[in-house]
Amino acid sequence: LKISDEVRGACGGNTACMFDAAATNDTAVGLDSMKTNQMLEEERNLASNVPPNINGDPRLNASLGILVIYNIVAEDMDAFNVTFVPVNGTQLPKNSTFSKTSGGFNSSTYTLSWMPVADDMRLSFQFVATDSKNAISIHHPLVTYCPCANGQPCVPLGPDEDGGESLFIRQSCTCDIAYSGEICDTDRDGCISGAGCYAGTNCTDNPAPASGATCGPCPRGLTGDGEMC
């Protein structure tokens, strides 16, 4: 078949296009053949594409006021990107950053740096790796958050606690005698919550982390330490 320069130019050197255009004497037929072949090639590439491999610790443990460093490693034969996706919102937690910290074309490490604050009430998020062909892989860690202030401990988790569908557990707090409140952030008044002082005696709360109260002298005519007169 004789292929004209016009057909060669229209087909951009594509063999199927030039052959069909020359055979039918219709450039449009050749262009349709080229388009069909390109679509088939794209479908073959997508079918053989493997999504990125993304890995991280299955559990992310966080505590109020303690810096969290959480790493994700992603790998793929194609170019890819990893994004941080909160499940119940559109923003990163307060006082946090998420960025690529090392790696190259096929393997990279991404790091979440997060300093939890008191109003981080319910946090559930996932990490999504997307390659150049839009294939995705998702890593969704279980987040356990201890919100207790002033160094107070959280109630240990039970063996069957898994966070449910949200993969989030907000632990409860055990406050010592110096603190009160849901997250142990309030100084417990020793004049009210403790034994207090003898009636008519001045009572001064001992500021946390100290507990109890300091009692003034006993009323006139009585002796004792102020707590007992």
Side-chain angles (χ1 to χ4, degrees), residues 1-62 67-115 122-143 162-168:
L1 295 174
K2 184 177 181 180
I3 301 174
S4 67
D5 292 340
E6 180 181 354
V7 169
R8 292 180 187 276
C11 291
N14 182 275
T15 302
C17 175
M18 292 187 295
F19 180 85
D20 288 350
T24 61
N25 198 30
D26 189 340
T27 303
V29 173
L31 293 173
D32 285 341
S33 296
M34 180 173 66
K35 183 177 180 181
T36 299
N37 287 339
Q38 289 173 341
M39 291 175 60
L40 291 173
E41 182 64 24
E42 289 176 1
E43 290 176 359
R44 282 193 293 269
N45 289 337
L46 288 174
S48 63
N49 182 53
V50 178
N53 184 30
I54 182 169
N55 290 294
D57 195 306
R59 183 185 293 266
L60 191 162
N61 299 315
L67 181 64
V68 175
I69 300 295
Y70 184 80
N71 293 318
I72 288 291
V73 177
E75 300 174 323
D76 195 77
M77 294 305 295
D78 298 310
F80 64 89
N81 185 45
V82 175
T83 54
F84 176 96
V85 182
V87 174
N88 295 315
T90 58
Q91 301 295 325
L92 286 164
K94 295 178 181 178
N95 298 330
S96 70
T97 60
F98 181 70
S99 61
K100 179 179 176 180
T101 50
S102 66
F105 181 78
N106 297 124
S107 178
S108 297
T109 298
Y110 292 76
T111 300
L112 171 67
S113 176
W114 171 33
M115 179 71 78
R122 188 168 186 84
L123 298 167
S124 181
F125 40 73
Q126 56 193 13
F127 303 88
V128 180
T130 308
D131 69 13
S132 60
K133 297 181 176 65
N134 292 320
I136 67 171
S137 293
I138 298 174
H139 177 67
H140 192 170
L142 168 63
V143 178
D162 58 9
E165 292 184 1
S166 67
L167 290 180
F168 176 83

Subject >> Check: Asp76 main-chain N/O paired with Asn106 side-chain donor or acceptor under 3.5 Å >> reply: yes
Using atom types as modelled, flag every donor-acceptor pair under 3.5 Å from a side chain in residues 25-35 to any protein atom, sequence neighbours excluded.
{"from": "Asp26", "atom 1": "OD1", "to": "Ala28", "atom 2": "N", "distance (Å)": "3.0"}
{"from": "Ser33", "atom 1": "OG", "to": "Asp20", "atom 2": "OD2", "distance (Å)": "2.4"}
{"from": "Ser33", "atom 1": "OG", "to": "Val29", "atom 2": "O", "distance (Å)": "3.2"}

Original post:
Looking only at heavy atoms, which two atoms of Met18 and Gly13 are closest? And how far apart?
Top reply: CE-O, 3.5 Å
Original post:
Do the ring planes of Phe127 and Phe98 sit parallel (below 30°), tilted (30 to 60°) or perpendicular (above 60°)?
Top reply: tilted
Subject >> Straight-line distance of Tyr110 OH to Thr101 OG1, nearest 0.5 Å >> reply: 9.0 Å
Subject >> Closest non-hydrogen atom pair between Tyr70 and Gly56, with its separation >> reply: OH-C, 3.7 Å
Original post:
Quick one: CG on Leu60 to CZ on Phe168, what's the gap to the nearest 0.5 Å?
Top reply: 10.5 Å
Original post:
Roughly how far apart are Arg8 CZ and Cys17 SG, rounded to 0.5 Å?
Top reply: 11.5 Å
Original post:
For the side chain of Ser113 and the backbone of Thr97, is there at least one donor-acceptor N/O pair under 3.5 Å apart?
Top reply: no
**OP:** Give, for atom CD1 of Ile72 and atom OG1 of Thr109, the distance between the pair rounded to the nearest 0.5 Å.
**Re:** 9.5 Å
Original post:
Can Ser107 and Val73 be said to form a side-chain contact (heavy atoms from CB on, under 4.5 Å), step by step?
Top reply: CA-CA 7 Å; Ser107 178; Val73 177; 4.3 Å; yes
Original post:
Arg59: what forms a side chain to side chain contact (heavy atoms under 4.5 Å, CB included) with it, not counting sequence neighbours?
Top reply: Asp57, Asn61, Leu142, Thr144, Leu157
Subject >> Worked check of side-chain contact (heavy atoms from CB on, under 4.5 Å) between Thr111 and Ile69 >> reply: CA-CA 7 Å; Thr111 300; Ile69 300 295; 3.8 Å; yes
**OP:** Check Pro51 against Ile136 and note the closest heavy-atom contact, atom names and distance.
**Re:** CB-O, 3.7 Å
**OP:** Output yes when a side-chain donor or acceptor of Ser137 lies under 3.5 Å from a complementary backbone atom of Ala129, and no otherwise.
**Re:** no
